[in-house]
Amino acid sequence: MSDFAVSALGGAGPVQPHLASFLPDWLNPQIFLADPALAPWVVLLVCGIIFAETGLLIGFFLPGDSMLFTAGLLVATDTIKFNVWLFAALIIVSAIVGNQTGYLIGSKAGPAIFNKPDSRLFKRENVDKAHAFFEKHGGKALILARFVPIIRTFVPVIVGVAQMSKRKFFLFNVIGAVLWGGGVTLLGYLLGDRIPWVRDNLDIIFIIIVLLSVIPIGVEVLRGISAKRQAADYGTDAVDEYFEEHAPENERKTKP
């Protein structure tokens, strides 16, 4: 690694893992992406990790955001010798294919699971509510989920189970992949090497991103809790009214 790249990643000597220091070295992108032994394979490695994290349920523990930002930073410092625009494009494609795979898993496995008699965990009612939610708020939810670790792994599967429109899912899948996969990579490329505070406080930055992303989800949860309290206090079927209100127009009940 060049002295310039070492300096950019935390000073002289071995790389100092400012980011995600609680992770083992093999999961810390500031360490494994800068490993000379992986240099010829680093682009394939990054794309493979992005695909696994966004498309395979077993990939929920992988370091998506931090890896993208670090990859952009390493391209800027010439540690990774690759065109940043082509790199970002390959990452976007990997994120799109990953989410489509997760959706396919959910859409194929969903009927087999939820067509069985109801259990405490698998209830058809929950699928219907999820379907209504994602048809109404799916675009916003899918895009925001890209920026939330773990959530971004499971949302495509849940959407597939809920049988969201394939065309609508693909559209927002592409938008989310561009904003997240391309955006975070280019952010690392443009800011990581030019603004030391950004480089040295990545943990804080990604915590802020996650918090901003989950605010709309929190608002929906609070509204649901409020509806349940109204049902308990006034004896009205407020929960059904709440989901009916947020269901798509063509799924709302026609009142006499």
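Quick caveat, the model's predicted, so the values are computed rather than measured.
- Residue pairs satisfying the side-chain hydrogen bond (donor to acceptor under 3.5 Å, both in side chains) criterion with at least one member in residues 146-157, sequence neighbours excluded, are listed as follows: Glu53-Arg152, Asp65-Arg152, Arg146-Asn173.
- Note on Ile150 and Leu62: same hydrophobic cluster, where clusters join Ile, Leu, Val, Met, Phe, Trp and Tyr whose side-chain heavy atoms are under 4.5 Å apart, directly or indirectly.
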Verdict with supporting geometry, Phe51 and Leu56, side chain to side chain contact (heavy atoms under 4.5 Å, CB included): CA-CA 7 Å; Phe51 169 78; Leu56 305 179; 4.0 Å; yes
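- One hydrophobic cluster holds both Met67 and Leu86 under the rule that ILVMFWY side chains link at heavy-atom gaps under 4.5 Å.
- Closest heavy-atom contact between Gly55 and Ile105: O-CD1, 3.7 Å.
- Val155 and Val174 fall into different hydrophobic clusters, defined by Ile, Leu, Val, Met, Phe, Trp and Tyr side-chain heavy atoms under 4.5 Å apart, directly or through other members.
- From Gln163, atom CD reaches atom OH of Tyr103 across 5.5 Å, with rounding to the nearest 0.5 Å.
- Closest approach of Trp180 and Ala95 over heavy atoms only: CZ3-CB, 4.3 Å.
- The CG atom of Leu74 sits 4.5 Å away from the CD1 atom of Ile80 when rounded to the nearest 0.5 Å.
- With sequence neighbours excluded, the residues forming a side chain to side chain contact (heavy atoms under 4.5 Å, CB included) with Ile175 are Ile143, Leu171, Phe172, Leu179, listed by chain and number.
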I'd like a table of donor-acceptor pairs (distance under 3.5 Å, sequence neighbours excluded) in which one partner is a side-chain atom from residues 87-94, with atom names and distances.
unit_1, atom_1, unit_2, atom_2, d
Ser94, OG, Leu90, O, 2.9

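- Under the 4.5 Å side-chain heavy-atom criterion for ILVMFWY residues, a single connected hydrophobic cluster contains both Val42 and Val84.
- At a threshold of 4.5 Å between non-hydrogen side-chain atoms, the residues Phe69 and Leu187 count as touching.
- In this structure, CG on Leu142 lies 10.5 Å from CD1 on Ile158, to the nearest 0.5 angstrom.
- Summarising the geometry, atom OG belonging to Ser107 is positioned 6.0 Å from atom NZ belonging to Lys166; distances are rounded to the nearest 0.5 Å.
- In terms of heavy atoms, Gly181 sits closest to Leu68 at CA-CD1, 3.9 Å.
- Considering all non-hydrogen atoms of both residues, Pro156 and Asn99 come closest at CG-OD1, 3.1 Å.
- Taking OG of Ser165 as the reference point, atom CZ of Phe169 lies at 11.0 Å (rounded to 0.5 Å).
- Cluster membership check: Ile96 does not share its hydrophobic cluster with Val184, using side-chain heavy-atom separations under 4.5 Å among Ile, Leu, Val, Met, Phe, Trp and Tyr.
- The line from OG1 of Thr185 to CH2 of Trp85 is 11.0 Å long, rounded to the nearest 0.5 Å.
- Atom CZ of Phe154 sits in a crowded spot, with more than 12 heavy atoms from other residues, nucleotides or ligands closer than 6.0 Å.
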